[in-house]
2 protein chains.
Amino acid sequence: MPTGRAPEPTVLRLSIYLRCLRQVHAEGLDTISSAGIQERTGITAGQVRKDLSYFGEFGKPGLGYAVEPLLTRLSHIMQLDRPRKVVIVGAGNLGAALAGYQGLRSSIFSLVAAFDNNLSKIGRPLWDVEIKDVRELPRITQEQGVEIGIITTPAEAAQGVAELMAQGGIRSILNFSPTRIVSPQGTTIRNVDLMKELEVICFYLPKP
Amino acid sequence: MPTGRAPEPTVLRLSIYLRCLRQVHAEGLDTISSAGIQERTGITAGQVRKDLSYFGEFGKPGLGYAVEPLLTRLSHIMQLDRPRKVVIVGAGNLGAALAGYQGLRSSIFSLVAAFDNNLSKIGRPLWDVEIKDVRELPRITQEQGVEIGIITTPAEAAQGVAELMAQGGIRSILNFSPTRIVSPQGTTIRNVDLMKELEVICFYLPKP
DNA sequence: GTGAGCTTGTGCTTTCTTTCACAATCTCCA
DNA sequence: TGGAGATTGTGAAAGAAAGCACAAGCTCAC
């Protein structure tokens with residue numbers, strides 16, 4: 001097991017391995033080799049082995065990896081082995097769509113509230129939660145022990161929301177707004193930028 | 001100007017520069033330095049200069065970059081200088097949210113249709129387009145010259161949809177379904193994996 | 001018990017990115 | 001016109017990630 005901590009690209013792939021393992025497990029297989037993972041994920045076998053080796057020795061030579069134990073270990077490493085509460089700020093189209101997402105009603109994630117600053121939305125139901133005033137965010141997230149925040153507001157509001165979240169004890173933020181947020185002290189931010197993806201895809205369109 | 005083509009990380013940043021430049025332009029500035037871009041985007045000035053240098057010499061020493069010309073040049077490089085037609089397949093929550101996205105009704109992108117395979121959805125309106133039978137996709141995209149496809153179906157359907165898209169002449173695909181798609185010959189795929197983002201964010205939660 | 005056959009973990013090599021630093025170039029004001 | 005000040009473009013160095021190849025280890029059939 002290497003000494004330093006895993007590089008970011010490895011962490012991104014961990015989530016892919018996890019999905020693969022869940023599927024393999026559902027299919028009833030007990031064991032899978034790095035070559036088998038390559039076949040299902042497209043990630044080369046060598047890469048798989050190197051990635052996993054950052055966290056320990058999980059495989060048996062000649063046999064491969066035992067699916068269930070590896071699933072358990074990886075879930076633990078990814079900190080997906082206990083429930084996490086999530087809030088969404090910005091009850092527009094995207095916010096509403098994400099709020100309805102089944103992945104936020106799983107054994108791991110649960111959506112506890114949605115927030116907006118638009119008075120005509122506040123108080124209304126959104127799927128199975130109620131839209132609350134964003135000014136209540138710090139109090140509510142603190143009280144409920146919310147750890148993850150999702151931002152789906154317009155760009156102008158994003159920085160302020162991130163700060164409210166930090167104030168409310170949220171440590172990890174997923175930002176869908178098309179702007180850079182300067183991380184409040186102690187928080188991690190990941191950006192998902194739909195417009196960027198759309199533009200980048202154009203770059204790769206065949207040149208005339 | 002370096003000979004080879006730009007590395008992928010550079011292309012991703014190009015889109016960020018573009019957004020920054022649009023904003024700076026809207027503010028009425030004529031000129032911006034790499035340091036100025038760093039201030040607004042967080043990308044280091046040296047990185048900015050190197051990225052841009054892959055495509056030409058756009059700046060003037062002592063002055064910086066002329067905003068409008070650079071905007072034009074970058075738009076051209078990203079192939080964002082002419083309209084692109086887009087279709088969405090999968091009229092669920094996420095598909096519907098994306099279909100309503102203003103960015104798909106801009107001077108560059110226009111949404112021409114949404115598709116689904118669910119009979120109860122086919123024929124219904126979705127914002128300003130109609131939901132059509134996915135089996136009509138190849139014909140319609142071919143006729144209309146659609147270049148970009150967005151997949152928001154469940155995982156099981158994604159591969160088949162990608163193939164229909166390829167058949168309909170689509171060359172670039174944005175895949176939101178939580179699965180790996182094997183690119184049909186001649187198409188580029190970019191994946192946006194929401195569940196993955198959510199899981200990865202957990203990894204970065206402070207360890208207890 | 002033993003050997004054939006897989007498959008892992010990992011050091012080494014190669015490739016890809018980022019950072020650094022500075023000569024060259026341009027502007028602008030006196 | 002000339003010189004101070006700013007800022008670029010880029011080669012060279014450092015750093016990060018991916019690919020490779022193989023010794024070591026495990027299994028299983030006979």
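A salt bridge links Arg22(B) with Glu199(A): the closest approach of a Lys/Arg side-chain nitrogen to an acidic carboxylate oxygen falls below 4.0 angstrom.
The shortest distance between the side-chain N/O atoms of Ser33(A) and the OP1/OP2 oxygens of dC6(C) is not below 4.0 Å. For Gln47(A) and dG19(D), the shortest distance from a side-chain N or O to OP1 or OP2 is below 4.0 Å. A sub-4.0 Å separation between OP1 or OP2 of dA18(D) and a side-chain N or O of Arg13(A) is present. Contact annotation: Ser34(A) does not reach the phosphate of dT7(C) (side-chain N/O to OP1 or OP2, under 4.0 Å). For the OP1/OP2 pair of dG9(C) and a distance below 4.0 Å, the side-chain nitrogens and oxygens of Arg49(A) include no atom meeting the criterion.
Separating the CG atom in Asp81(B) from the CD1 atom in Ile108(B) is a distance of 8.5 Å, to the nearest 0.5 Å.
The distance between atom CG of Leu12(B) and atom P of dT17(C), rounded to the nearest whole Å, is 10 Å. Taking atom CD1 of residue Ile37(A) and atom C1' of nucleotide dT8(C), one finds them 12 Å apart after rounding to whole Å. dG15(D) atom C1' lies 16 Å from atom CD of Glu8(A), rounded to whole Å. The interatomic distance linking Asp30(A) (CG) with dT7(C) (C1') rounds to 17 Å, in whole Å. The separation between Leu52(B) atom CG and dT10(D) atom P is 11 Å, rounded to whole Å. Distance, Glu57(A) CD to dT10(C) C1': 10 Å, rounded to whole Å. Remark: P of dT10(D) and CG of Asp51(B) are 13 Å apart, rounded to the nearest angstrom.
Residues Leu80(A) and Phe203(B) fail the side-chain proximity criterion, which asks for heavy atoms closer than 4.5 Å. In this structure the side chain of Phe55(B) never reaches within 4.5 angstrom of the side chain of Arg73(B), judged on heavy atoms.
Residue Lys50(B) places no side-chain atom within donor-acceptor reach of the base of dG9(D), judged by atom type and a 3.5 Å distance cut-off alone.
The side chain of Ser53(B) lies closest to dG9(D), out of dG9(C), dG9(D), dT17(C).
Only one option out of Thr10(B), Asp51(B), Thr41(B) pairs with Tyr17(B) in a side-chain hydrogen bond (donor to acceptor under 3.5 Å, both in side chains); it is Asp51(B).
Screening residues 103-117 of chain B for salt bridge (charged side-chain N to carboxylate O under 4.0 Å, His left out) gives Arg105(B)-Asp128(B), Asp116(B)-Lys121(B) as the qualifying pairs, with residues at least two apart or on separate chains.
Pro138(A) is linked by a side-chain contact (heavy atoms from CB on, under 4.5 Å) to Leu164(A), Gln167(A), counting only residues two or more places apart in sequence or in another chain.
Within residues 58-76 of chain B, the residues that have a heavy atom under 4.0 Å from DNA chain D are, in order of number, Phe58(B), Gly59(B), Lys60(B), Pro61(B), Gly62(B), Leu63(B), Gly64(B), Tyr65(B).
Among the heavy atoms of the strands, none lies under 4.0 Å from Thr10(B).
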